[in-house]
Amino acid sequence: MRALTWQGTGKVSVETVPDATIQDPTDAIVRMTSTAICGSDLHLYNVLGMYLDPGDILGHEPMGIVEEVGSEVTQISPGDRVVIPFNISCGHCWMCSRGLTAQCETTQVKSEGKGAALFGFSRLYGQVPGAQAEYLRVPQAQFGPIKVPDGHPDERYLFLSDVLTTSWQAAQYADIAPGDTVLVVGLGPIGQMSARIARHLGAERVIAVDEVPERLAMAGRHGIETLDFASVDDVPAAVLELTGGRGADAVIEAVGMEAHGTPFQAAAMKAAGMLPDALARKAVETVGVDRMGALRTAFAAVRRGGTISIIGVYGGQADPFPMMDLFDKGVTLRMGQAHVKRWVDDILPLLTGDDDPLGVDDLVTHRMSLEDAPHAYELFNNKEDGCIKVVLKP
Ligand SMILES: NC(=O)c1ccc[n+]([C@@H]2O[C@H](COP(=O)([O-])OP(=O)(O)OC[C@H]3O[C@@H](n4cnc5c(N)ncnc54)[C@H](O)[C@@H]3O)[C@@H](O)[C@H]2O)c1
Ligand SMILES: [Zn+2]
Ligand SMILES: [Zn+2]
């Protein structure tokens, strides 16, 4: 089968790889009809190469048709149309039974000290072959795959795999009350949908920050107030001014470790991406080469007693952290990988009708073939050609 493989930092290619086959009775094989590229794939593409091997298949936003199931898989059958959560979870362990499927104890990657295995996500998360391919082997298929109805194009349901469930969790963790003002930092797909969901959940005002014109424009189409950090000198000051000096009731940080605006850390991180693996790994894990721009915005713009929901992905641990300010402001911090399955029953009813209350139909900017995936990575990474979200059609 054909698949998009990681070959080195900033380098991916489509190769012929061994076919996906059933290995365990709890597996299923799904033929991909749509499979998206995520901002998390860009962390692998740009900086986390020390955790990947050439030939690793990327991708964790899958949707398709079930081809084959193992003997213990009864909730889906060949021919079903399914979306697959990016976390691989068993559904019956201590964590899963509490809705914490991103921490599944059956698939936890204990050798790396990490939570549940993820599709296409490096050795840190189990080195499971990813979904940017013609076929996907789905472990724990007795629980994971979500059956969706016919009637709408894939793009309506595809984002249950990650973007929608992640954004829903980001908004839930922000503890939004009716009348609140919510600040969303970053307007990639996650920020876009977090902002719309925050409004859907009752926020009176949603203000969002980015610098990419078409991303700001897309948010504007959905009733979001926008700030362009390339032209606003001091974003937290602007947020304070917009909120009568108080700050945002909640902040959703939807950028992660490749934030723009901290040139020294940017250079250090780029350098880490080029180091031999052992050194780079040490740099990422201990020196903390992250860029903190977006987090700093969140810390400074939240009101006293407010909540920060960090959904952007971070590595490293030695960053200077403004503990004194966070403590003095009495801020609540929540974060983590999305527990995809936990939110599906809340979201699915909002997708099946014709009215599209979350505006899901306005997110995808590029539909491309699997063979064009390397070009798609370039467009998405460089934010060229108005690229906000790419869906590959294997
Ligand atoms: N927690 C989870 O389960 C989960 C799931 C999916 C994605 N993510 C993470 O969410 C983050 C966003 O994903 P995405 O697909 O939207 O990515 P993306 O790369 O498309 O979007 C990031 C956006 O942030 C903007 N940005 C950069 N620096 C900024 C700054 N200092 N202030 C404001 N905006 C800034 C960029 O211009 C870009 O539009 C990534 O870190 C991704 O890994 C987390
Ligand atoms: Zn993702
Ligand atoms: Zn589990």
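Only a predicted model underlies this, so the values are computations on that prediction, with no experimental measurement involved.
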Participant: Short question: side chain of Asp210, backbone of Leu187 - any donor-acceptor pair under 3.5 Å?
Facilitator: yes
Participant: When you check the side-chain N and O atoms of Gln7 and Thr5, is any donor under 3.5 Å from an acceptor?
Facilitator: yes
Participant: Please work out whether the ring planes of Tyr377 and Tyr45 are parallel, tilted or perpendicular, with thresholds of 30° and 60°.
Facilitator: tilted
Participant: Identify, with sequence neighbours excluded, every residue that meets salt bridge (charged side-chain N to carboxylate O under 4.0 Å, His left out) alongside Arg342.
Facilitator: none
Participant: Taking atom types as modelled and ignoring hydrogens, do the side chains of Gln142 and Gln140 form a donor-acceptor contact shorter than 3.5 angstrom?
Facilitator: yes
Participant: Pairs in or reaching into residues 80-118: which pass ring-ring contact (aromatic ring centres under 6.0 Å, His included), with residues at least two apart or in two chains?
Facilitator: His60-Phe86
Participant: Residues two or more places apart in sequence or in another chain: which of them pass salt bridge (charged side-chain N to carboxylate O under 4.0 Å, His left out) with Asp249?
Facilitator: Arg303
Participant: Would you find a donor on one side and an acceptor on the other, under 3.5 Å apart, between the side chain of Asp27 and the backbone of Asp24?
Facilitator: yes
Participant: Just by distance, with hydrogens left out, do Ser369 and Glu371 show a side-chain donor and acceptor under 3.5 Å apart?
Facilitator: no
Participant: Would you check, one step at a time, whether the test side-chain contact (heavy atoms from CB on, under 4.5 Å) holds for Arg31 with Glu68?
Facilitator: CA-CA 9 Å; Arg31 176 173 58 82; Glu68 196 184 342; over 6 Å; no
Participant: Would you check if the side chain of Arg196 reaches a backbone N or O of Gly359 as a donor-acceptor pair within less than 3.5 Å?
Facilitator: yes
Participant: Return the set of residues passing side chain to side chain contact (heavy atoms under 4.5 Å, CB included) with Pro213 (not counting sequence neighbours), or none when no residue passes.
Facilitator: none
Participant: With sequence neighbours excluded, tell me which residues meet salt bridge (charged side-chain N to carboxylate O under 4.0 Å, His left out) with Asp154.
Facilitator: Arg81
Participant: Going from CD1 on Ile310 to CZ on Phe299, what distance comes out if it is rounded to the nearest 0.5 angstrom?
Facilitator: 5.5 Å
Participant: To the nearest 0.5 Å, how far apart are CG in Leu240 and CZ in Arg246?
Facilitator: 11.5 Å
Participant: Taking Leu164's backbone N and O only, do any of them form a donor-acceptor pair with Ser167's side chain (distance below 3.5 Å, no angle check)?
Facilitator: no
Participant: Mind checking salt bridge (charged side-chain N to carboxylate O under 4.0 Å, His left out) for Glu155 and listing every partner two or more places apart, or none if nothing turns up?
Facilitator: Arg367, Lys393
